[in-house]
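In this text the structure is predicted, and so the values were computed from the model without any measurement. So that the names make sense, note that chain A is the first sequence line, chain B the second, and so on, each numbered from 1. Basis for what follows: all heavy atoms, side chains included, without hydrogens, waters or symmetry-related copies.
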2 protein chains.
Amino acid sequence: MPPSTFELDKSHLAEEIRKRKARLVFLQLPEGLKTYGPELAAIVEEAGATVIISADPCYGACDLASVEARSVGADLIVHYGHSKMQPKAALPTLYIEAKAKTTVKSAVKKAIPLLETWRNIGLVTTVQHVHKLDEAKTVLLEAGKAVAVGDAGRLKYAGQVVGCDYSNAKAVSREVDAFLFIGGGKFHPMGLVLATGKPTVVANPYEKRAFRIKTEALKLLRKRWANIQEAKLADEIGILVGLKPGQKRIDQALKMKNLVEDAGKKAILLAIREITPEALMQFPTIDAFINTTCPRLSLDDAGRFRLPLLTPKEALVALGKIQWEKLCKEGWFEN
Amino acid sequence: MPPSTFELDKSHLAEEIRKRKARLVFLQLPEGLKTYGPELAAIVEEAGATVIISADPCYGACDLASVEARSVGADLIVHYGHSKMQPKAALPTLYIEAKAKTTVKSAVKKAIPLLETWRNIGLVTTVQHVHKLDEAKTVLLEAGKAVAVGDAGRLKYAGQVVGCDYSNAKAVSREVDAFLFIGGGKFHPMGLVLATGKPTVVANPYEKRAFRIKTEALKLLRKRWANIQEAKLADEIGILVGLKPGQKRIDQALKMKNLVEDAGKKAILLAIREITPEALMQFPTIDAFINTTCPRLSLDDAGRFRLPLLTPKEALVALGKIQWEKLCKEGWFEN
């Protein structure tokens, strides 16, 4: 295995296993870190515990496998790569955040020319880079920018965003001209655009480059609009209820069912863990879905699904309860 | 929707919902019946309960979603298509077996010439056709055969087999020359061959045809042999622990871990719900897997996986604990 670009905190891990006298550890890693599972398992075993690695997909702290861990008799969950989200887990849980080792300086420097027309910059990032926000801020200040790092109090760190929560960005959205997102991939900056509607530049520290995210965002908006229009024509609508602990919103699903029925359509509640095209295709009478689980599945993976898979807010537009313009203004996320 | 070829017992369903005064029903259907979910949901709602259909895959009664049902607040599980397997569920459960409406007579008649060289015939089927076993038996008796229908007491009906349990076939295996399997698909007859090693003829009542299953079985045996040989060379072995209630065998997994380590190899315990090639590929240092979950995944879906995925019995062969010949003689299944 090549050494990880993330700080896996191995000595902290060993120390905690010993301190907590853990006997059976359930180790959960996001997809990008699973490859280090066997290496980390060896450390846990050396510290005196047996370890079972979760091989199920894990896309966020909403996905904490406490039921699974308890069902195999584990007495400790070690959850890598995400900061604590759920107030109380059913089992003691050690979160290890896996901070990126890479510097962000040169990527942020490359972002400066792209931010040229704006003075007030909102700075956001994922948990992997929050410890480098000051480094990024310094570069921006030196370039004559004013920097805002929001803290709405919902997430662990100021300036932090997660896939479905941009409250820290929205907290400063009115006072900034544009956002600078630090991190890899387009998943979080796309969410940022959908949440705030603001111009967004990405500084990717792994590739040491910067780019504006605009065409993709417009393309996504057009797709969402088309999906909403298509869902309006549906006679039978499936309402997805998540089975992952942080994605279970029964009340919202029941509310959606009532709204769908009030609109004269049939509503079918469907419980689901992993949303796949294959699973949805088992219900050929259903014309569209409202997804109360992870909103990002609706937004980012729409291309994989043959039928519209609306977020609850989009469903409100399709059902004529709110305007498309309001959705665009207030953003796609509940937070 | 076209009418189902299965008896969905709709009036029984409605009656039970009313009698049990169910409030929130969790409806679980195997893949082939999910398409009737919305239709059945309407009946449940008419009987006075709210219903959530499980959209997760369901391949057997081992897959009873009691934890999921409880987690959404359901007070009754309705489980279609499989007979009761688990002695006690965490929630009241109504099993509806979905018997096939089709006759089996003409398919069995077509099987007679294929059974020509044998006199003593073991008769087996799935829960969908157990109510037609007498019909099949009569045809065989008329053709001058002696018929044995085994009952080992593990499954609900005499002569019944499920994907991982052929105890009723093995109960009569010594006294019969060949088996006649009644049902659709090759999944169960392939299991029958792996469990008993006996000549097996299939009478498919849906297609009203009969055929001998031999080439496929030999091909599968060759593949299993090759997989075992490949696993012998592995340095690091992943041991899969099932997260579905009827597929969770922690003690067996821990025993396998010890055996693997005794053989000087590394052993990694991996908990998993749905075994997919994508999930296993997240662990690139692992060279082979021992699968303590559903054995059929190892046997039937091996082609989907890049690496050997042995059943525990096959692992014993790979680790030199038992002979290949013994495996072939005693069969692939625990029961």
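Heavy-atom pairs under 4.5 Å with chain A peak, among B:Ile239, B:Ile272, B:Leu29, at B:Ile272. Looking only at heavy-atom pairs under 4.5 Å with chain B, the residue among A:Leu33, A:Val51, A:Val241, A:Leu240 that has the most is A:Val51. In terms of non-hydrogen atom pairs under 4.5 Å with chain A, the most contact-rich of B:Leu243, B:Thr276, B:Ile286, B:Ile275 is B:Leu243. When the candidates B:Ala41, B:Ser54, B:Ser71 are compared by the number of heavy-atom contacts under 4.5 Å with chain A, B:Ser71 comes out ahead.
In plain terms, the two heavy atoms of A:Ala279 and B:Ala55 that are nearest each other are CB-O, 3.6 Å.
Between B:Arg273 and A:Glu274 there is no salt bridge, since none of the side-chain N atoms of the basic residue sits less than 4.0 Å from a carboxylate O of the acidic one. Taking the charged nitrogens against the carboxylate oxygens, B:Lys257 and A:Glu45 do have a contact shorter than 4.0 Å, which makes a salt bridge.
Contacts between B:Thr50 and chain A at a heavy-atom distance below 4.5 Å involve the side chain alone, from C-beta outward. Within the 4.5 angstrom heavy-atom criterion, only side-chain atoms of B:Ile250, from C-beta onward, approach chain A. Looking at A:Glu278, neither its backbone nor its side chain comes within 4.5 Å of chain B, counting heavy atoms on both sides. At a 4.5 Å heavy-atom cutoff, B:Pro57 makes no contact with chain A through either its backbone or its side chain. With a threshold of 4.5 angstrom between heavy atoms, B:Ile52 approaches chain A through its backbone and through its side chain.
Taking NZ of A:Lys34 as the reference point, atom CG of B:Leu280 lies at 11.0 Å (rounded to 0.5 Å). Considering OG1 of A:Thr285 and OH of B:Tyr36, their distance stands at 11.0 Å, rounded to 0.5 Å.
Counted within 6.0 Å of NZ on B:Lys101, heavy atoms from surrounding residues, nucleotides or ligands total more than 12; the atom is thus considered enclosed. Around the CD atom of B:Glu46, the shell of radius 6.0 Å holds no more than 12 heavy atoms that belong to other residues, nucleotides or ligands. When the shell of 6.0 Å around CZ of A:Arg249 is examined, it contains more than 12 heavy atoms from other residues, nucleotides or ligands.
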